[in-house]
Number of protein chains: 2
Amino acid sequence: MEQSKTDPRVLRTRKLIMDSFMELSSKKEFKDITVKDITAEAVINRATFYYHFEDIYDLLEKVLSEVLLVNLDGDYYQNYELNEEALINIFKAITNFQKSLSNRCHRGYEDTIARIIREQLEVIFHKMLLKQRPTEDVQAQKVTAVMLSWGIYGASVEWRRSSKEISPEEYIHSAIPYIMKGIDLGDAD
Amino acid sequence: MEQSKTDPRVLRTRKLIMDSFMELSSKKEFKDITVKDITAEAVINRATFYYHFEDIYDLLEKVLSEVLLVNLDGDYYQNYELNEEALINIFKAITNFQKSLSNRCHRGYEDTIARIIREQLEVIFHKMLLKQRPTEDVQAQKVTAVMLSWGIYGASVEWRRSSKEISPEEYIHSAIPYIMKGIDLGDAD
DNA sequence: GTAGATTTGTTGGTTATACAACACATTTAG
DNA sequence: CTAAATGTGTTGTATAACCAACAAATCTAC
């Protein structure tokens with residue numbers, strides 16, 4: 001699963017850059033952060049930044065992906081069944097993630113963030129489905145994963161828009177029967 | 001004073017190694033720490049260790065020197081007069097330093113540690129004397145610095161051996177008149 | 001608008017670190 | 001005691017990171 005050995009220099013430098021970016025994100029908005037700021041904070045050469053990232057938007061994507069993965073990874077994501085509990089946990093992770101983002105100001109990049117979340121969800125759902133139903137057509141699983149990722153993400157958006165009087169757990173709970181029924185109709189094994 | 005620009009890679013790597021060594025020192029005795037342990041903890045290549053340090057004893061020296069300098073530097077060390085207050089502060093710094101060492105087990109290396117402390121003290125005293133009496137013969141100042149470093153260090157040893165019923169300040173205070181008088185006899189300006 | 005300053009990507013040459021392999025020394029086990 | 005295992009210090013080669021310099025784009029001020 002993990003690429004067995006990456007040069008430790010690469011790991012160190014990436015971590016330095018990402019940590020510095022997150023540090024700066026807690027002080028300024030994304031639009032006010034320059035590559036120079038980041039490399040100065042990290043005390044690395046600016047050329048080294050471009051060795052690892054296309055540009056600052058690429059960095060944003062990778063940082064967000066990683067933070068989201070950390071939010072999810074601790075709970076399941078690998079070797080877990082796509083059941084009610086998993087769906088609730090994933091939904092909670094997303095709402096938590098978005099809450100942590102609202103502190104760091106990324107105004108104007110909601111679309112990017114939304115796309116990243118959906119892409120990550122899609123990967124996770126697809127892996128879980130693969131494990132759960134190894135026999136099924138892969139294309140069907142991909143489409144299912146896409147729809148689940150959009151659906152779960154959309155639900156999190158609506159929950160944020162709502163009065164938030166009900167907890168994320170309760171919110172998603174009411175929808176789960178429909179999701180599971182849909183999943184179960186496929187070919188429960 | 002400071003070498004204006006050192007390669008940031010060097011600074012990072014040295015810090016990694018030194019921090020890892022201090023971390024390990026809080027868990028094991030010095031004699032049980034190998035170069036491999038350190039480089040594994042720091043996640044650097046073992047060859048890189050030897051690029052920066054002769055061997056593990058060289059590392060010990062440099063770490064101790066740096067820790068001691070940090071203990072001292074905050075207070076004076078530069079641009080300060082070698083007066084009663086300075087002597088008391090230096091003495092306190094040494095006793096503090098040795099107290100912090102007794103937690104990390106360096107049994108069997110007391111001689112090395114003692115030498116390092118005396119060497120650092122000698123440098124500091126010499127600098128202070130140079131600033132205080134720019135006209136005086138350099139050789140005389142060097143000898144004075146040597147004697148002061150041995151004297152102050154010896155006093156700290158005796159204080160540790162004592163019942164420690166009196167504070168470091170009090171202990172050194174009683175000796176200061178003799179030290180200062182000796183200094184003053186030279187050529188007070 | 002324009003000029004100056006800052007930021008962005010990119011490049012070529014240099015240096016530090018990674019890595020694997022080695023001979024040798026020291027420790028550990030039987 | 002011997003043999004295996006572990007640690008030490010060194011070397012050659014590959015690569016990541018540094019640095020300075022550059023043209024082009026973008027931002028600022030006037």
Side-chain angles (χ1 to χ4, degrees), chain A residues 2-25 27-64 66 104-109 112, chain B residues 2-25 27-64 66 104-109 112:
Chain A
E2 71 275 35
Q3 58 260 32
S4 51
K5 276 193 296 184
T6 315
D7 194 318
R9 289 174 289 186
V10 171
L11 297 176
R12 278 200 295 271
T13 302
R14 290 224 173 106
K15 180 161 167 39
L16 262 178
I17 293 175
M18 288 181 162
D19 287 350
S20 301
F21 175 66
M22 290 199 277
E23 172 66 21
L24 288 175
S25 291
K27 298 187 204 152
K28 308 185 194 183
E29 294 195 28
F30 176 73
K31 73 173 175 55
D32 294 327
I33 299 176
T34 70
V35 174
K36 237 186 159 188
D37 291 337
I38 296 166
T39 57
E41 170 87 18
V43 195
I44 56 134
N45 196 276
R46 207 161 49 82
T48 305
F49 176 94
Y50 291 102
Y51 182 88
H52 292 281
F53 304 97
E54 289 272 331
D55 51 31
I56 202 171
Y57 303 101
D58 184 35
L59 172 63
L60 175 66
E61 289 211 19
K62 284 171 177 157
V63 167
L64 291 182
E66 201 173 282
R104 328 186 155 195
C105 302
H106 291 294
R107 281 195 291 272
Y109 292 89
T112 303
Chain B
E2 71 275 37
Q3 57 259 32
S4 50
K5 275 192 298 183
T6 315
D7 194 318
R9 288 175 290 185
V10 171
L11 298 176
R12 279 201 293 270
T13 301
R14 291 223 173 107
K15 179 162 167 39
L16 263 178
I17 293 175
M18 288 181 163
D19 287 351
S20 302
F21 175 66
M22 290 199 277
E23 173 65 21
L24 289 174
S25 291
K27 298 188 205 150
K28 308 185 195 183
E29 293 195 31
F30 176 73
K31 75 173 174 52
D32 294 328
I33 299 175
T34 70
V35 173
K36 238 186 160 186
D37 292 336
I38 296 166
T39 57
E41 169 88 18
V43 194
I44 58 139
N45 196 277
R46 208 161 50 83
T48 305
F49 176 94
Y50 291 103
Y51 183 87
H52 291 282
F53 303 97
E54 289 272 330
D55 51 32
I56 203 173
Y57 304 101
D58 184 34
L59 171 64
L60 175 66
E61 289 211 18
K62 283 171 177 157
V63 167
L64 291 182
E66 201 174 279
R104 329 185 154 194
C105 302
H106 290 295
R107 282 195 291 273
Y109 291 89
T112 304

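Just so we're on the same page: letters track the sequence lines, and every chain starts at 1. Model, not experiment: these values are computed from the prediction.
One finds a side-chain N or O of A/Arg12 lying less than 4.0 angstrom from the OP1 or OP2 phosphate oxygen of C/dA18. One finds a side-chain N or O of B/Lys5 lying less than 4.0 angstrom from the OP1 or OP2 phosphate oxygen of D/dA20.
Nucleotide D/dA17 holds its P atom 14 Å from the CG atom of B/Asn45, rounded to whole Å. Regarding A/Lys36, its NZ atom lies at a distance of 13 Å from the C1' atom of D/dC27, rounded to whole Å. Atom pair A/Asp37:CG and C/dT6:P shows a separation of 13 Å (rounding to whole Å applied). Across the protein-nucleic acid pair, A/Asp32 atom CG and C/dT8 atom P stand 12 Å apart, rounded to whole Å. Separating the CZ atom of B/Phe49 from the C1' atom of D/dT10 is a distance of 14 Å, rounded to the nearest angstrom. Nucleotide D/dA16 holds its C1' atom 14 Å from the CZ atom of A/Phe53, rounded to whole Å. Distance, A/Leu16 CG to D/dA16 P: 16 Å, rounded to whole Å. Between B/Ile44 atom CD1 and C/dA18 atom P there is a gap of 6 Å when expressed in whole angstrom units.
When each of D/dC18, C/dT17, C/dC19 is scored by its nearest atom to the side-chain atoms of B/His52, the top-ranked nucleotide is C/dT17. When the nucleotides C/dT7, D/dA16, D/dA17 are ranked by their closest atom to the side chain of A/Tyr51, D/dA16 comes out on top. For B/Ala47, taking side-chain heavy atoms from C-beta onward, the closest of the listed nucleotides C/dT7, C/dT17, C/dA20 is C/dA20. The nucleotide whose nearest atom lies closest to any side-chain atom of A/Arg46 is, among C/dT8, C/dT17, D/dC18, C/dT8. Among the nucleotides C/dA18, C/dT8, D/dT8, the one closest to the side chain of B/Thr48 is C/dA18. Distances from the side chain of B/Tyr50 to the nucleotides C/dA18, C/dT8, D/dT10 place D/dT10 closest. Side-chain proximity of B/Pro8 to the nucleotides D/dC19, C/dT8, C/dA18 is greatest for D/dC19.
Using a 4.0 Å heavy-atom criterion, one finds that A/Asp7 contacts the sugar-phosphate atoms exclusively.
A donor N or O paired with an acceptor N or O is not found under 3.5 Å between the base of C/dA18 and the side-chain atoms of A/Arg9.
Comment: B/Lys62 does not engage B/Glu66 in a salt bridge, judged by the lack of any side-chain N to carboxylate O separation of less than 4.0 angstrom.
In this structure, B/His52 and B/Asp58 approach most closely via the heavy-atom pair O-OD2, 4.3 Å.
Between the CD1 atom in A/Ile38 and the CZ atom in A/Phe53 there is a gap of 9.0 Å [rounded to 0.5 Å]. Here the NZ atom belonging to B/Lys5 is positioned 10.5 Å from the CG atom belonging to B/Asp7, to the nearest 0.5 angstrom. Between the OG1 atom of B/Thr39 and the OH atom of B/Tyr50 there is a distance of 8.5 Å, given to the nearest 0.5 Å. Rounded to the nearest 0.5 Å, atoms CD (B/Glu23) and CD1 (B/Ile33) are 10.0 Å apart.
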Protein-nucleic acid N or O pairs under 3.5 Å, nucleotides 24-27 of chain C:
none

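In this structure, B/Thr13 contributes its side chain and B/Val10 its backbone to no donor-acceptor pair below 3.5 Å.
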Quiz item: For B/Leu11 and A/Val43, what are the C-alpha separation, side-chain angles and deciding distance, and is it a side-chain contact (heavy atoms from CB on, under 4.5 Å)?
Solution: CA-CA 10 Å; B/Leu11 298 176; A/Val43 195; over 6 Å; no
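Across the interface with DNA chain C, nearest-nucleotide mapping of A/Ile56 and B/Leu11 shows A/Ile56 to be the residue nearer the 5′ end.
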